[in-house]
Amino acid sequence: MLDIKLIRNEPERVREALRRRGEHAESALDKLLELDRSRREVLVEVEDKRSLRNAVSEQIAQAKKAKEDASDKIAAMRQVGEEIKQLDARLKEIEAALEEELLQVPNLPEPSAPAGGEEDSVVMHHWGEPRKFSFTPLDHLEIAEKHDLIDMERGARTSGSRFAYLKGDLVFLQFALVQFALQKLASKGFRPAIVPVLVRDEAMYGTGFFPTDLQQVYHIEADGLNLVGTSEVPLAALHMDEILDEGDLPVRYVGYSTCFRREAGAAGKDTRGIFRVHQFDKVEMFSFCAPEKSPEEHDFMRSIEEEILQELGLPYRAVNIAAGDLGAPAAKKYDLEAWLPSQERYREVTSCSNCTDYQARRLKVRAKGEKGGPYLLHTLNGTVVAVGRTIIAIMENYQTEDGLIEVPAALRPFLPTRTTVLGI
RNA sequence: GGAGGGGUGGCGGAGUCUGGUUGAUCGCACCGGUCUUGAAAACCGGCAGGCCGCAAGGUCUCGCGGGUUCGAAUCCCGCCCCCUCCGCCA
């Protein structure tokens with residue numbers, strides 16, 4: 001959520017920034033400014049009346065104490081009370097409308113995020129050379145089928161399309177990746193957390209997924225809960241309504257959870273294998289940091305993601321995502337895309353976003369200390385390992401002609417000593 | 001699921017029965033100062049947030065939302081959460 005004061009004081013700056021996202025913000029901003037104006041108007045009026053009532057109520061108390069008659073004052077205040085009630089109702093209406101509008105405005109992109117849509121994203125750099133195969137490389141599903149490692153048919157029978165069973169050595173590979181990721185992040189000061197995957201609407205709104213991405217989320221009607229699409233949600237909500245001690249910043253977590261996405265609107269896209277499924281596991285990093293430190297923290301997160309892909313020996317490229325392709329809460333985003341031999345292109349495996357104070361304002365996560373305060377923090381999130389997609393990249397990049405997978409050395413300490421298809 | 005108890009400032013804990021200058025007594029923690037070679041102790045001062053406002057100031061918040069009342073932390077209703085006991089259970 002944006003600061004209404006910013007919109008009030010610098011509407012042109014907001015308008016310009018939203019244009020870089022390709023948003024047609026004109027009518028929404030005008031409406032916001034109008035609602036803000038009438039809100040303050042009614043607020044002053046109702047507060048004046050309250051002030052009067054408070055003062056006279058005190059006089060009534062004094063009069064009663066002195067055994068004097070105060071019935072005329074009581075009658076007058078009864079009238080004032082009615083007026084307050086009516087003004088209050090109007091104020092609430094205005095505030096609800098203002099809130100509703102404000103919730104729909106996405107974060108302002110950082111100047112360093114390229115303007116425009118998906119095609120305007122900028123490739124920053126590459127790492128590693130795509131491997132030259134002496135045979136025709138298979139895609140991850142073909143490799144999996146040789147050893148019965150991924151079962152899409154039975155997944156579909158049990159749960160529908162885009163659900164899979166992961167079997168055999170891939171299960172060990174999954175936990176090796178998770179363990180590898182958790183240990184690395186813990187060594188860098190991220191506190192491991194296993195988070196609730198069912199959250200209240202509050203957490204979804206607070207992180208900016210609602211109302212924008214309502215249709216992407218599995219909703220449990222009976223309990224009013226939502227299945228999270230990323231542990232970013234419960235991690236961000238972890239310090240909701242709290243004022244942190246400035247000396248503890250940055251506060252960093254690494255979360256592990258299953259993620260659930262409806263993938264509405266993705267029909268026909270990436271239908272093969274486990275690249276895009278309704279349920280997957282992910283290790284995610286999250287940081288609450290001082291506002292002036294967030295660009296630095298963002299680069300730090302990207303460097304961790306790069307370090308991991310490098311240790312896994314997966315060729316990738318880093319992309320600075322264009323403003324129009326950012327999620328609503330993000331001001332800037334980097335994606336890392338790993339090379340997939342079967343598709344002969346780079347595909348997203350990690351993503352990290354600087355959400356500046358957008359989530360913190362909604363969630364009321366603040367800090368105070370020498371700089372004073374309380375002031376809003378900045379929040380950042382990043383993929384450490386999206387397990388499914390990383391497994392795909394490892395399978396495809398490390399496949400051998402006879403259908404084995406020669407897992408990267410970095411993972412071997414976390415794998416069983418003997419496996420049938422992992423080449424160890 | 002059944003029965004009870006409870007949610008007050010960073011923490012502890014008053015106030016709720018008997019509504020009235022109580023956004024809230026007190027203690028601890030914390031910050032600043034005096035004293036001290038330094039520290040501790042003692043003493044003095046400060047110390048929850050939101051909103052409106054240039055400011056002065058006003059207003060709201062005692063889990064959340066409604067109601068009663070001239071006036072609600074205090075009374076009434078609904079919801080959320082926590083704790084104890086019983087039942088069930090990975």
Side-chain angles (χ1 to χ4, degrees), chain A residues 1-10 32-103 194-206 219-226 234 237-249 251 258 288 357 359-377:
Chain A
M1 190 152 69
L2 298 183
D3 187 356
I4 186 66
K5 287 177 192 160
L6 177 70
I7 298 174
R8 186 191 303 155
N9 297 330
E10 302 180 66
L32 275 168
L33 289 167
E34 171 56 25
L35 284 167
D36 176 53
R37 201 188 53 72
S38 45
R39 171 182 171 265
R40 283 181 295 154
E41 198 177 286
V42 177
L43 187 67
V44 167
E45 205 179 331
V46 74
E47 287 194 350
D48 281 349
K49 290 202 191 295
R50 277 221 173 84
S51 185
L52 172 69
R53 185 177 71 181
N54 287 344
V56 176
S57 286
E58 207 171 297
Q59 291 171 18
I60 292 169
Q62 296 302 326
K64 288 221 164 170
K65 206 181 274 177
K67 308 263 187 232
E68 289 164 12
D69 176 53
S71 50
D72 53 334
K73 282 181 173 156
I74 289 176
M77 286 311 102
R78 188 172 295 152
Q79 175 60 31
V80 171
E82 270 312 306
E83 290 166 17
I84 290 175
K85 211 175 204 171
Q86 282 176 22
L87 285 171
D88 238 353
R90 216 177 122 214
L91 185 63
K92 282 214 165 123
E93 256 172 56
I94 294 169
E95 283 181 339
L98 184 66
E99 170 92 354
E100 197 189 323
E101 286 297 317
L102 214 44
L103 280 173
I194 288 176
V195 300
V197 294
L198 284 165
V199 302
R200 297 172 189 277
D201 289 352
E202 229 181 326
M204 298 304 292
Y205 279 104
H219 185 68
I220 312 292
E221 191 61 45
D223 299 282
L225 292 168
N226 306 282
L238 186 53
H239 290 300
M240 174 161 58
D241 291 321
E242 290 182 28
I243 298 173
L244 306 181
D245 186 340
E246 191 176 88
D248 293 336
L249 301 177
V251 174
T258 300
F288 299 90
D357 61 8
Q359 295 178 326
R361 181 168 295 107
R362 292 186 178 199
L363 290 165
K364 297 187 184 63
V365 187
R366 294 168 292 173
K368 64 176 172 185
E370 283 180 12
K371 276 184 299 194
Y375 53 89
L376 292 170
L377 292 173

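Each chain gets a letter, A, B and so on, in the order the sequences are listed, and its residues count up from 1.
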Task: Backbone N/O of A:Met1 and side chain of A:Arg361: donor-acceptor pair under 3.5 Å - done: yes

Open item on the list: What is the distance, to the nearest angstrom, from the NZ atom on A:Lys85 to the P atom on B:rC70?
Closed with: 10 Å

Task: A:Arg53 CZ - B:rU21 P separation (whole Å) - done: 15 Å

Task: Rounded interatomic separation in angstrom, taking NZ from A:Lys65 and P from B:rG19 - done: 14 Å

TODO: Please state the C1' separation for the pair B:rA73 and B:rG9 - nearest whole angstrom.
DONE: 13 Å

- [ ] Quote, to the nearest angstrom, the C1' distance that separates B:rG19 from B:rG67.
- [x] 15 Å

TODO: Calculate the interatomic distance between A:Ile84 atom CD1 and B:rC70 atom P; express it in whole Å.
DONE: 12 Å

Task: Side chain of A:Arg40 (C-beta onward), nearest among B:rG53, B:rG71, B:rG50 - done: B:rG53

TODO: Determine the interatomic distance between P on B:rC83 and the same-named atom on B:rC75; round to the nearest Å.
DONE: 25 Å

Open item on the list: I need the CG-P distance between A:Asp36 and B:rC52, as an integer number of Å.
Closed with: 8 Å

TODO: Could you work out which one of B:rC52, B:rG58, B:rG49 sits closest to the side chain of A:Glu47?
DONE: B:rG58

- [ ] Look at all strands and tell whether A:Leu43 reaches a base, only sugar-phosphate, or nothing, counting heavy atoms closer than 4.0 Å.
- [x] sugar-phosphate

Open item on the list: When the C1' atoms of B:rG27 and B:rA39 are compared, how many Å lie between them, rounded to an integer?
Closed with: 24 Å

- [ ] Verify the contact: side-chain N or O of A:Arg200 to OP1 or OP2 of B:rC80, cut-off strictly under 4.0 Å; return yes or no.
- [x] no

TODO: Please report, rounded to the nearest Å, how far the P atom of B:rU69 is from the CD1 atom of A:Ile74.
DONE: 12 Å

- [ ] Rounded to whole angstrom, note down the C1' distance from B:rU74 over to B:rA56.
- [x] 33 Å

- [ ] Check whether any side-chain heavy atom of A:Asp88 sits under 4.5 Å from a side-chain heavy atom of A:Arg50, and report yes or no.
- [x] yes

Task: Same-atom distance (C1') from B:rA40 to B:rG20, integer angstrom - done: 46 Å

TODO: Please determine, for the side chain of A:Arg8, which listed nucleotide (B:rG53, B:rG58, B:rC70) has the closest atom?
DONE: B:rG53

Task: Proximal nucleotide (of B:rC81, B:rG20, B:rC52) relative to the A:Lys64 side chain - done: B:rG20

Open item on the list: Is the phosphate of B:rC70 approached by A:Lys49 (side-chain N or O, under 4.0 Å from OP1 or OP2)?
Closed with: no

Open item on the list: I need the CG-C1' distance between A:Asp248 and B:rC30, as an integer number of Å.
Closed with: 14 Å

Open item on the list: I'd like the P distance from B:rG66 over to B:rG58, given in whole Å.
Closed with: 25 Å

Run the side-chain donor-acceptor check on residues 241-248 of chain A: report pairs under 3.5 Å with partners two or more places apart or on a different chain.
unit_1   : atom_1 : unit_2   : atom_2 : d
A:Glu242 : OE1    : A:His239 : ND1    : 2.8
A:Asp245 : OD1    : A:Gly247 : N      : 3.0
A:Glu246 : OE1    : A:Glu370 : N      : 2.9
A:Glu246 : OE1    : A:Lys371 : N      : 3.4
A:Glu246 : OE2    : A:Lys371 : N      : 3.4
A:Glu246 : OE2    : A:Tyr375 : OH     : 2.7

Task: Separation of B:rG58 C1' from A:Asn54 CG (nearest whole Å) - done: 10 Å

Open item on the list: Here's a test of your reading of the structure: between A:Ala55 and A:Val44, which maps to the more 5' nucleotide of RNA chain B?
Closed with: A:Val44

Task: Residue met sooner reading RNA chain B from 5', once A:Met77 and A:Gln62 are mapped to nucleotides - done: A:Gln62

TODO: Using the P atoms only, state how far B:rG5 lies from B:rC77, rounded to an integer number of Å.
DONE: 14 Å

Open item on the list: Would you say that more than 12 heavy atoms from the other residues, nucleotides or ligands in this model lie under 6.0 Å from the CD of A:Glu95, or not?
Closed with: yes

Task: Selected nucleotide, minimal atom distance to A:Pro374 side chain, candidates B:rG50, B:rC51, B:rG66 - done: B:rG50

Open item on the list: As a test of reading the structure: which of B:rU21, B:rG58, B:rG71 is closest to the side chain of A:Glu58, going by heavy atoms?
Closed with: B:rU21

TODO: Please state whether the phosphate of B:rG49, meaning OP1 or OP2, lies under 4.0 angstrom from any side-chain nitrogen or oxygen of A:Arg366.
DONE: no

In residues 79-86 of chain A, what donor-acceptor pairs under 3.5 Å come from side-chain atoms, sequence neighbours left out?
unit_1  : atom_1 : unit_2  : atom_2 : d
A:Gln79 : NE2    : A:Glu83 : OE2    : 3.2
A:Glu83 : OE1    : A:Lys49 : NZ     : 3.1

TODO: Respond yes when some side-chain nitrogen or oxygen of A:Ser51 is under 4.0 Å from OP1 or OP2 of B:rG58, and no when none is.
DONE: no

Task: pair A:Val56-A:Ile60: side-chain heavy atoms closer than 4.5 Å - done: yes

Task: Residues, nucleotides or ligands: over 12 heavy atoms within 6.0 Å of A:Ile194 CD1 - done: no

Task: Distance (rounded to the nearest 0.5 Å) between A:Glu34 CD and A:Leu98 CG - done: 11.0 Å

TODO: Can you tell me which stems RNA chain B forms, taking runs of 3 or more consecutive Watson-Crick or G-U pairs with both distances under 3.5 Å?
DONE: B:1-7 with B:80-86, B:10-12 with B:26-28, B:30-34 with B:42-46, B:48-52 with B:57-61, B:63-67 with B:75-79

TODO: Apply the test side-chain contact (heavy atoms from CB on, under 4.5 Å) to residues A:Leu198 and A:Asp223: give CA-CA distance (whole Å), side-chain angles for both, the deciding distance (0.1 Å), then the verdict.
DONE: CA-CA 10 Å; A:Leu198 284 165; A:Asp223 299 282; over 6 Å; no

